[in-house]
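Here's the structure, in structure tokens; my notes come after.
Residue numbers start from 1 in every chain, and the chains themselves are labelled A, B, ... in the order their sequence lines are given, proteins ahead of strands.
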Amino acid sequence: MFLIVLKTTLESLWLQFMSRECGLFRRKGANWFLSFSITICVISSTPLASASEKTMNADQLEKELGHYKEIAGLEAHFQQVKEFKALKISLKSEGKFRMSRENGQAVVEWQILKPAFLKLKISEKSLEIFEQPGQAGKPLLENQTMQAKVLKPLYAWLSMNGRFIAEQYDVFPEGKGKFRLQPKEKDAPINSVVIALGTNQLVEKVTIMERSGDDIKISFTETKTESRK
Amino acid sequence: MRSVLIWLALAILLSACQPLHVNESSEVFLPAELAVRMAALQKFPGAWWNYIVVERPTAELCNVLKREHGLERVGCSYGPQDLRELLTPWLNDLPLRISAPTLKELGERMNLALAKASAPLGSELTEILREDPLGTYAELLSLMQALNPVRLNYRDHFLRFPQSEMAAIPVLFNFPHSETDRTEELRKRVEKACQGNCGELYFIGSHFGTSRNKTMIKEDVGRVTLVGTILFVLFLGSLMVSGRWTVILITIPVGAGVWAAALAVNAWHGSIHGLTLAFGSGLVGIAFDYAFHAFVQNSGSRVWRANLIGYITTLVVFLVLAFSGIPLVREIMVFATLGFSFAFVLFYLVITRTPERYKIRPFPLGPLEAPIAPWLLLGSVLALGGAVVFLHPDFSVQNLDQTSRREKSLTRELFGSGGALPPVVRIHERDVSEEELQREQDFAGSLGMKVVNRLTFLPPIATQRKNLDGWRALACGNLASRSAGGAAKEFSKEIRRFFAPFFDNFSCASFLQREPRSESAYSRAIQGEGKWLSTFFPVKREDEAAIRERFTDSFALSDLVNLFPRMLMTEISWMAPLAFLLVFLIVWAAYRRWRMVLAVFIPWILGAAFSTAGLALSSTGFGFVSLVGLLMVFGTATDYGVFCANFYLNSQLTRKGIWTALAFAGIVTIVGFLPLLFARHIVLRQLGEPLVLGTLGTMLGTFVVEPWWMRRALAR
């Protein structure tokens with residue numbers, strides 16, 4: 001951690017020198033010294049930084065999310081804001097989130113009610129879309145590559161299964177009841193997912209940073225659970 | 001007689017004026033009517049897909065493939081971006097394809113698209129939704145996947161084999177498979193890009209197959225030539241040392257026979273197939289037997305009587321097979337008949353006119369008396385019977401393709417139907433009527449199955465015009481004013497910004513340039529050299545029959561592929577007994593004694609037993625080329641049987657001469673075909689193995705078993 005702080009401090013110093021003290025670079029000795037020290041610092045701190053950020057393993061995560069194991073079903077209302085940064089558009093949506101278990105496996109229904117009805121039914125192996133209430137589901141994408149690309153990471157955190165999450169993401173604790181998930185797959189559409197648990201040990205807020213730079217903020221309210229018998 | 005020779009020489013000279021055109025087409029495996037369909041089918045770009053199967057696909061490999069100029073499309077990391085080049089014209093043609101929605105409908109579809117865009121599905125999908133709020137891209141993806149012959153599923157960016165998890169990268173060439181040098185260079189670059197990082201690497205498809213076969217045969221020719229030259233030099237050296245070099249002269253009439261047959265077939269068909277030249281020459285080479293027989297024996301009429309019986313028995317087999325419905329078999333047999341007859345006549349004319357010039361001193365050879373003879377015969381009869389029951393030939397065309405077992409199993413997995421019925425296709429001329437295509441659509445619809453034809457991509461011109469008018473009204477009316485921000489009641493500022501690519505594409509001005517048409521970049525998969533392909537996807541077996549009944553010109557690709565082995569098998573089932581019966585009758589007419597007739601067939605029984613035993617034990621299998629090999633064994637073995645029987649019936653023939661002639665004939669056949677065993681290509685080994693083993697068996701039958709039989713027959 002110390003090295004990260006040092007690195008950040010030196011980087012900001014470097015930027016300050018770049019912007020305000022450009023005259024320094026005309027002095028070869030100073031230029032060389034500064035570049036050298038920062039380069040050394042950046043090189044030495046990067047691996048140490050990642051190593052110093054302790055990841056959680058599947059067991060630890062399952063322990064933290066132990067509450068979900070005792071739940072047979074869950075329903076919540078969600079409100080979501082997706083920021084399309086490049087377009088400067090905020091897309092607001094809301095709907096219902098429902099998780100149930102079929103043969104011990106979590107099945108998630110993500111039902112958007114505004115701006116239009118759209119239901120996604122997500123299980124460990126499939127992602128179905130329902131464009132109208134009562135209509136038969138069909139695969140979200142005919143293209144199975146994209147389907148596979150989004151399915152596993154999405155299912156992992158929606159089902160709150162510690163084992164699946166640890167399979168798909170590196171998990172970093174960020175304070176009590178808060179985790180940052182970083183996809184293990186390099187070209188996943190998601191950069192990171194930050195999950196914050198509420199006082200009831202259930203997910204209250206989720207922030208998704210997409211690789212495109214867009215982000216999604218979701219907050220869950222009116223959560224109702226059904227315990228396992 | 002001199003005038004006959006002059007005429008023959010003149011005929012050759014006239015024929016020689018035509019250049020020899022060697023073709024390598026695969027249509028020769030099919031009857032003319034189906035060959036035309038096969039040729040037409042190969043013109044469609046879909047037929048140019050090949051697959052690189054790799055254990056660990058790397059980014060470097062994909063980069064190399066995407067940079068290749070010879071590849072039109074590469075299925076590396078398959079996703080919407082790979083369809084971008086098709087998606088743009090597809091969306092541009094949207095107003096031609098579907099009727100214009102009302103403003104309300106458009107608003108609803110846009111809201112749905114926004115709902116989809118709210119999910120964390122990545123920027124690629126968001127970009128498509130911005131351009132295509134009506135969600136028609138899914139239809140394009142579905143169409144492209146339906147036309148894809150591969151039945152694997154996409155997983156982790158690649159088509160994956162279910163068991164091995166290996167990735168199949170589809171590559172579409174932009175040149176035909178006959179350009180093997182370009183394919184070979186590409187293959188080498190791919191191998192270099194992998195440099196051992198990709199694990200197992202295989203190349204599957206017509207381009208790679210043709211290139212691999214050609215390269216391997218080229219390498220084999222080098223190896224076979226080297227071994228052949230060594231053996232030939234040794235053989236020649238032994239003849240020179242023993243003062244019998246004149247034997248070499250017999251190669252001239254056989255060479256002339258091959259050349260004359262090639263010119264005649266070329267003049268008749270306008271071309272000659274490479275396989276005819278390769279395998280037909282071997283059949284013409286059977287004529288060597290008669291020359292050897294005449295060279296070492298000095299009893300003109302009796303020798304030529306035996307030669308004539310041998311010649312007719314072989315010729316009969318060629319003639320029966322020449323009635324085959326398969327052009328390749330027919331061509332080989334016509335070639336063999338002409339060349340074989342030409343060489344025989346030339347031998348007769350030359351040797352009988354000046355027999356003293358063509359005479360060699362026989363070796364001190366004689367028959368081998370071995371108590372094992374009856375057991376050899378019994379064992380061979382049993383082996384032959386077992387072969388008939390247990391040895392199943394595989395005459396499939398794929399058998400001529402040099403592939404490893406692994407490649408074969410991967411190919412089966414790649415193109416396996418996975419339980420789905422094979423598609424049935426029709427090929428139409430460029431000016432096919434919309435009514436005919438509509439009939440296909442209606443018919444498929446009535447049976448609840450899918451058909452992909454030109455109308456699937458773009459509806460009839462009248463419908464397109466109607467759709468276009470609706471969209472033009474929408475774009476130049478309400479939409480124009482709203483997108484310009486005039487009356488933004490239905491579409492908010494955010495919606496207009498989000499769907500800006502859609503609104504830009506459907507501006508009023510853009511509609512002035514749009515006109516109905518029948519083809520586009522995305523319909524290229526079903527277009528080939530001015531023809532259109534219609535593909536039906538039957539759901540039930542009955543559908544398949546119904547399509548064929550309704551559209552009599554329809555056919556399945558599997559029909560074409562399986563027809564050659566099926567036809568050959570059917571033909572062999574009646575041609576082989578007929579040929580055997582005719583040969584038997586000829587031999588009967590010549591000898592009229594059961595024991596003599598059976599004696600003639602003894603070398604063949606042993607030769608066939610050795611050949612089939614070799615085929616059963618060999619990894620190359622019993623293919624079409626093995627059949628040609630067996631035919632050659634039959635031709636030579638019957639000759640040996642006749643010569644041997646002739647010798648025992650004519651005591652005045654030179655005792656040593658016959659055995660020298662038979663030994664020469666056998667050794668020449670073995671020396672000629674033994675090098676093929678050193679080849680790597682399956683076709684060459686399939687020919688070499690039965691021939692070498694069969695000739696060994698034939699010689700054993702001639703030198704050991706037939707003399708034993710003849711002595712017993714004559715004693716009675």
B:Leu112 versus A:Phe117, closest heavy-atom pair with distance: CD1-O, 3.4 Å

Heavy-atom distances under 4.5 Å only: say whether A:Gln80 touches chain B with side chain, backbone, both or neither. side chain

For chain B, find which of A:Ser90, A:Ala86, A:Pro115 contributes the most heavy-atom pairs closer than 4.5 angstrom. A:Pro115

Any idea which heavy atoms bring B:Glu494 and A:Ile89 closest together, and the distance? O-CD1, 3.5 Å

Is it the case that atom NZ in A:Lys63 sees more than 12 heavy atoms from other parts of the structure closer than 6.0 Å? no

Can you tell me if NZ on B:Lys450 sees more than 12 non-hydrogen neighbours from other groups inside 6.0 Å? yes

Under 4.5 Å from any heavy atom of chain B - which part of A:Ile208: side chain

Closest heavy-atom pair, A:Ile129 versus B:Lys116, reported as atoms and distance to 0.1 Å, is CD1-CE, 3.6 Å

At a heavy-atom separation under 4.5 Å, does A:Lys88 approach chain B through its side chain, its backbone, both, or neither? both

Of all heavy-atom pairs linking A:Leu87 and B:Arg130, the shortest is CD2-NH2, 3.2 Å

Can you confirm whether B:Ser118 sits close enough to A:Ile112 that some side-chain heavy atom of one is under 4.5 Å from a side-chain heavy atom of the other? yes

Got A:Leu91 and B:Phe498 here, is their nearest side-chain heavy-atom distance under 4.5 Å? no

Tell me whether the count of non-hydrogen atoms from other residues, nucleotides or ligands lying under 6.0 Å of NZ in A:Lys184 goes above 12. yes

